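Take a look at the structure set out below.
Remember, it's a predicted structure, so these values are computed and weren't measured experimentally. For the numbers below, each heavy atom of this structure counts, side chains included, while hydrogens, waters and symmetry mates do not. We number each residue from 1, following the sequence as shown.
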Amino acid sequence: ACPAWGLPLLQYTLERLWEVEKAGPNGNLHDRKICLATYNRLGGVEGALNTRMAEVYKKRTPREMHQIRSILLTMVDLVDSDLGPSLTARPATLDQLQQIGKIGSTTLIQQLLKERILTKSEDGKILEITHDCLLFAWDTLASWLREEHQIPENETIAEIPLPPEIPISKPNLPEPA
């Protein structure tokens with residue numbers, strides 16, 4: 001589970017629910033209902049991203065699967081923190097990925113952008129992993145990261161630390177009469 005990313009995962013899950021229901025047999029959501037069965041099929045909030053990534057990954061050729069692995073591993077760093085090893089996503093440029101041989105063309109990148117696995121900057125030169133929780137929520141990537149960084153299965157990987165909370169000032173409202 002990724003409690004620090006509860007709201008982004010909820011947002012992602014709701015978007016997936018909407019997409020799946022809209023594309024369903026009726027295809028129009030005229031009754032504006034989202035079914036619990038669809039929610040469960042997606043894996044709930046914690047499983048929706050994992051389920052979708054598994055679907056996207058299975059549709060790729062073996063070469064593309066290898067490239068996806070290389071791209072994502074290139075875009076993740078392992079850093080030491082007070083809580084132990086911590087994974088953190090980092091941006092990469094399209095040029096960097098092409099120079100190190102991770103991708104031959106931009107076709108796969110375009111597909112990953114379309115699936116909202118990656119996000120690009122406004123100028124299109126910098127790529128980022130869209131959902132930081134992907135590092136923990138997609139079982140396959142978590143396994144690759146453990147293998148790549150030689151982290152034993154029984155060792156906990158700290159979640160990416162959240163920025164310090166920003167104090168919210170309360171407005172001075174008049175007392176009710």
Side-chain angles (χ1 to χ4, degrees), residues 1-27 29 33-78 85-92 94 97-98 100-120 127-160:
C2 300
W5 299 290
L7 287 176
L9 278 177
L10 177 61
Q11 177 186 1
Y12 179 82
T13 303
L14 291 172
E15 287 173 357
R16 287 291 302 141
L17 276 167
W18 183 260
E19 291 168 5
V20 169
E21 290 287 350
K22 197 166 96 177
N26 297 334
L29 270 173
K33 291 181 183 176
I34 294 177
C35 299
L36 180 59
T38 304
Y39 173 81
N40 289 333
R41 192 171 64 247
L42 291 175
V45 172
E46 292 181 2
L49 188 55
N50 183 47
T51 302
R52 182 63 182 154
M53 282 302 305
E55 290 170 359
V56 168
Y57 186 70
K58 286 179 190 175
K59 292 179 184 177
R60 304 294 172 221
T61 66
R63 182 173 184 267
E64 288 173 327
M65 288 176 172
H66 177 74
Q67 289 174 333
I68 288 172
R69 183 181 197 275
S70 296
I71 289 167
L72 294 177
L73 289 177
T74 299
M75 298 178 77
V76 177
D77 279 332
L78 179 70
S86 179
L87 296 171
T88 184
R90 65 180 173 92
L94 186 56
L97 295 176
Q98 287 176 323
I100 57 177
K102 303 298 181 195
I103 56 171
S105 72
T106 58
T107 306
L108 180 61
I109 292 295
Q110 294 304 323
Q111 292 168 353
L112 296 176
L113 289 166
K114 181 182 176 194
E115 293 290 344
R116 294 189 318 253
I117 296 163
L118 298 179
T119 306
K120 66 180 175 178
L127 301 170
E128 293 184 275
I129 295 173
T130 303
H131 300 282
D132 287 341
C133 194
L134 183 65
L135 281 56
F136 303 96
W138 186 29
D139 297 338
T140 303
L141 178 57
S143 172
W144 293 340
L145 290 165
R146 284 188 175 281
E147 178 185 314
E148 179 79 7
H149 297 288
Q150 300 173 353
I151 302 169
E153 283 295 321
N154 61 346
E155 187 173 342
T156 301
I157 301 173
E159 292 182 3
I160 301 168

Query raised in the report: Looking at side-chain heavy atoms only, is the closest gap between Ile71 and Leu108 below 4.5 Å?
Result: yes
Query raised in the report: Any chance the side chains of Gln11 and Glu15 put a donor and an acceptor closer than 3.5 Å?
Result: yes
**Report entry** Interatomic spacing from CE in Met75 to OG1 in Thr88 - rounded to 0.5 Å
**Finding:** 11.5 Å
Requested in this report: Please tell me if the side chains of Leu118 and Ile129 come closer than 4.5 Å, counting only heavy atoms from C-beta onward.
Outcome: yes
Query raised in the report: Looking at Asp132 and Ala89, what are the two nearest heavy atoms and their distance?
Result: OD1-CB, 3.5 Å
**Report entry** Donor-acceptor pair, side chain of Ser70 and main chain of His66, under 3.5 angstrom
**Finding:** yes
Query raised in the report: Taking C-beta and beyond as the side chain, do Leu112 and Leu127 meet within less than 4.5 Å on heavy atoms?
Result: no
Requested in this report: Quick one: pull up CD in Glu64 and CD in Gln111 and give me the separation to the nearest 0.5 Å.
Outcome: 5.5 Å
Query - Rounded distance [0.5 Å steps], CD1 in Ile117 versus CD in Glu128 - result: 15.0 Å
**Report entry** Results of ring-ring contact (aromatic ring centres under 6.0 Å, His included) for Tyr57 - residues two or more places apart only
**Finding:** Trp138, Trp144
Query raised in the report: Hey, does Met53 have a side-chain heavy atom less than 4.5 Å from the side chain of Leu141?
Result: no
Query raised in the report: Any donor and acceptor pair, going by atom type alone, linking the side chain of Thr130 with main-chain N or O of Arg116 inside 3.5 Å?
Result: yes
**Report entry** Inter-residue atom distance Leu135.CG - Leu72.CG, 0.5 Å rounding
**Finding:** 8.5 Å
**Report entry** Stepwise salt bridge (charged side-chain N to carboxylate O under 4.0 Å, His left out) test for Arg52 and Glu19
**Finding:** CA-CA 12 Å; Arg52 182 63 182 154; Glu19 291 168 5; 5.8 Å; no
Show every donor-acceptor pair shorter than 3.5 Å between a side-chain atom in residues 35-42 and any protein atom, with sequence neighbours excluded, or say none if there are none.
unit_1, atom_1, unit_2, atom_2, d
Thr38, OG1, Glu21, OE2, 2.4
Tyr39, OH, Val45, N, 3.4
Asn40, ND2, Leu36, O, 3.4

Requested in this report: Please say whether more than 12 non-hydrogen atoms of neighbouring residues, nucleotides or ligands are located less than 6.0 Å from CD in Gln150.
Outcome: no
